[in-house]
Amino acid sequence: MLARPLEWRLAVQTVAIDPSAALRKALWIWLPRTAVAIDHFLLISLANQAMTETRKVLSQKVKGRCSRAIGRACRKPHAPAARRRHCTDR
């Protein structure tokens, strides 16, 4: 951004970014007059990730279920102790 002249930076009107705090801070410093546009597909993806994590935690707490990845190790009594993980270990 330092390579761009001030007139160019002030002429920028809209910027499409990832909704991270670091990028917003950089925009506020380097492009103070810009409007921010965030890709709605990214927002939906972030919301889906948060819902999945919440669902997993609730499922483990309420129903005592493990996720598929560790569920096999939870059910195998003969699995080595290093590989065996239980829902309560988290």
Remaining members of hydrophobic cluster (4.5 Å side-chain criterion), L10: L6
Rounded distance (nearest 0.5 Å) linking atom OG1 of T34 with atom CG of L27: 5.0 Å
Hydrophobic cluster partners of L46 (side-chain heavy atoms under 4.5 Å): L42
Residues in side chain to side chain contact (heavy atoms under 4.5 Å, CB included) contact with T52, at least two apart in sequence or another chain: R55, K56
Residue list, side chain to side chain contact (heavy atoms under 4.5 Å, CB included) with L23, at least two apart or on another chain: I17, D18, S20
Check: R24 and I29 side chains under 4.5 Å, non-hydrogen atoms: no
Those residues that, when tested against P5, pass side chain to side chain contact (heavy atoms under 4.5 Å, CB included) (two or more places apart): E7, W8
Which atom of R9 lies closest to which atom of R4, heavy atoms considered: NE-O, 3.6 Å
T14: partners by side chain to side chain contact (heavy atoms under 4.5 Å, CB included), with sequence neighbours left out: A35, A37
Flag, side chain of S45 to backbone of F41, donor-acceptor distance under 3.5 Å: no
